[in-house]
There are 2 protein chains.
Amino acid sequence: MAKVEFNIACTLCEHLKDSLFNGLGPEDISRINNHKTCVQYKKGQNIFYEGTRPTGLYCMNGGKVKVYKNNVQGKEFIIYIAKPGDFLGYRALLSEEFYQATATVLEDAKICFIPKESFFEVLQKNPLFMKRVVQAVCHEMGIMEEKLAELAHKSVRERLAANLIMLKETYGMEGEGSFLIDLALSREDLASIVGTATETVIRLLSEFKTDGLITFEGKKIRILDARKLAKQADLIVA
Amino acid sequence: MAKVEFNIACTLCEHLKDSLFNGLGPEDISRINNHKTCVQYKKGQNIFYEGTRPTGLYCMNGGKVKVYKNNVQGKEFIIYIAKPGDFLGYRALLSEEFYQATATVLEDAKICFIPKESFFEVLQKNPLFMKRVVQAVCHEMGIMEEKLAELAHKSVRERLAANLIMLKETYGMEGEGSFLIDLALSREDLASIVGTATETVIRLLSEFKTDGLITFEGKKIRILDARKLAKQADLIVA
DNA sequence: CTCTCTTACTGACAAAAGTCATCTTTTCCG
DNA sequence: CGGAAAAGATGACTTTTGTCAGTAAGAGAG
């Protein structure tokens with residue numbers, strides 16, 4: 001269960017093109033590359049904890065990680081799920097605050113750690129990169145505003161449908177006219193994404209299944225009828 | 001009801017010290033100052049609309065503005081309430097997207113408009129300012145994450161209490177050992193902040209009043225026992 | 001000043017969702 | 001392989017909250 005180090009040159013990283021580092025000059029890439037540490041994590045391991053101070057940036061090279069907050073009663077709320085190419089923990093790093101959430105590995109992951117200093121150095125001498133980071137952060141914020149409004153006024157059924165659609169957009173693998181959500185989520189995790197009880201998710205999922213909107217494939221969900229599901233997500237009665 | 005222009009030099013603006021522009025060099029301040037347009041708005045007027053493209057930044061000089069999203073059924077969710085010194089509409093501006101929310105005046109307001117170009121110019125030639133903006137945006141994002149988790153797992157009662165405490169922190173005026181929330185909010189607006197129905201807010205407020213936690217003072221709310229109210233906001237039974 | 005329109009309030013009821021208890025199935029490890 | 005633990009599923013019940021309908025009170029316009 002111990003963490004295992006590995007190493008991949010950033011220039012050879014297959015996810016570079018999906019990440020915010022894409023477009024950096026060779027000089028900056030090599031600065032990042034020379035200072036990073038890459039670690040393999042097993043499912044269930046934690047990357048960072050709520051309340052601790054960030055010392056750098058995590059950049060996903062493989063696997064899936066959930067970032068979540070725990071409330072007083074131990075109920076989890078998942079803020080987002082990081083996939084290869086994503087940055088992890090940049091919010092707290094940039095605002096110079098403590099982590100406000102915990103990150104735990106959902107599917108065995110390879111994650112590179114870039115020390116704060118190196119990241120900030122590249123950020124400061126590269127206005128275009130800075131601009132793209134700001135743009136990304138503000139875009140994220142827009143998504144959160146959307147989620148807030150959704151959480152405030154949509155029913156659990158609508159939210160579950162909406163989140164399934166969203167997961168399809170991000171993790172969907174097309175095949176046979178349907179989409180497999182390539183993410184082994186427990187019902188409990190799905191409940192933590194939607195913001196509801198596990199039992200409610202189970203019940204609604206089996207309703208969706210009965211209605212022919214989805215099927216289960218091992219631990220994964222296949223979206224059979226994205227259109228109808230999207231209708232369930234809306235507030236439109238029609 | 002027509003908009004009325006007015007003008008105040010940024011250097012003389014009493015809210016400069018509270019704003020992100022604080023700390024800018026005289027050159028940059030005057031660049032902002034020379035390009036801004038200041039307008040007085042009446043209660044109920046709109047500053048910008050969801051779905052339109054931002055053309056600049058709004059900087060509050062007086063009054064209060066609500067920024068909210070409307071869902072399909074016309075239910076409002078208030079994302080935040082801007083006060084003097086606050087920037088308005090910077091998220092969409094920085095992410096180069098359309099506005100995702102609408103801004104409407106709650107209390108007669110004076111708002112300065114800074115064209116996109118001037119703002120970006122100052123931003124680009126002033127790394128320290130850029131850094132502070134990034135920090136502010138990321139801090140905001142932390143607050144939204146907090147709200148998200150709260151909305152997902154707290155009861156309406158807890159959320160109302162939590163929001164009253166929050167309003168107290170931002171708009172509270174101390175006096176006689178209690179705090180007056182200096183913000184003329186309708187029950188409907190308060191419901192849109194908490195994410196619930198107007199009737200529910202009315203009922204809970206009158207419960208809080210019966211329990212001696214708050215009183216009403218005209219359209220405003222006075223917090224009598226912030227400690228007890230904070231307990232109502234927590235999930236702790238003790 | 002009064003009429004109207006909006007906002008505040010109250011009650012009754014229905015629907016949604018959470019909780020608890022129990023059972024089954026799957027997964028994980030020694 | 002087998003047994004324990006975790007995850008999934010289902011039912012019964014309670015609580016919370018939203019909705020609808022109707023009344024009262026306050027604010028604004030003429």
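- An OP1 or OP2 oxygen of dT10(C) is reached within less than 4.0 angstrom by no side-chain nitrogen or oxygen of R203(B).
- We find that CG of L190(A) is positioned 14 Å from P of dA7(D), with the value rounded to whole Å.
- Between dT17(D), dT10(C), dA9(D), one nucleotide has an atom nearer to the side chain of S155(B) than all others, and that is dT17(D).
- The NZ atom of K209(A) sits 14 Å away from the C1' atom of dT10(D) (whole-angstrom rounding).
- Distances from the side chain of S186(B) to the nucleotides dT7(C), dT19(C), dA9(D) place dT7(C) closest.
- Look at T196(A) and you'll find a side-chain N or O under 4.0 angstrom from OP1 or OP2 of dG18(C).
- Relative to the side chain of A197(B), the nucleotides dT17(D), dT19(D), dA9(D) differ in distance, and dT19(D) lies closest.
- Here dT10(C) presents its P atom at 12 Å from CD of E199(B), a figure rounded to the nearest Å.
- Between R157(B) and E207(B) there is a salt bridge, since a side-chain N of the basic residue sits under 4.0 Å from a carboxylate O of the acidic one.
- Under 4.0 Å is where a charged nitrogen must lie from a carboxylate oxygen, and between K43(B) and D108(B) no such pair does.
- In this structure, the CG atom of L204(A) is 17 Å from the P atom of dA15(C), given to the nearest Å.
- Remark on DNA chain C: of its neighbouring residues K219(A) and T200(A), the 5'-side contact belongs to T200(A), judged by nearest-heavy-atom nucleotide.
- Rounded to an integer number of Å, the gap from I202(A) CD1 to dT25(C) P is 14 Å.
- Distance E188(A) CD to dA9(D) P: 13 Å, rounded to the nearest Å.
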Working note: L213(B) + L164(B), criterion side-chain contact (heavy atoms from CB on, under 4.5 Å); need CA distance, chi angles, decisive distance, verdict. CA-CA 11 Å; L213(B) 306 178; L164(B) 287 175; over 6 Å; no
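- The shortest distance between side-chain heavy atoms of Y58(A) and F113(A) falls below 4.5 Å.
- You'll find that the side chain of R187(A) is closest to dA9(D), out of dA9(D), dA7(D), dA16(C).
- Heavy-atom nearest nucleotides on DNA chain D were determined for F216(A) and for A152(A), and the one closer to the 5' end corresponds to F216(A).
- Side-chain nitrogen and oxygen atoms of K75(A) include at least one within less than 4.0 Å of the OP1 or OP2 phosphate oxygen of dT19(C).
- The separation between E207(B) atom CD and dG11(C) atom P is 12 Å, rounded to whole Å.
- Between L160(A) atom CG and dA16(C) atom P the separation is 15 Å, expressed in whole Å.
- In this pair, F48(B) and Y99(B) present their aromatic rings parallel. The plane angle is below 30°, not in the 30 to 60° band.
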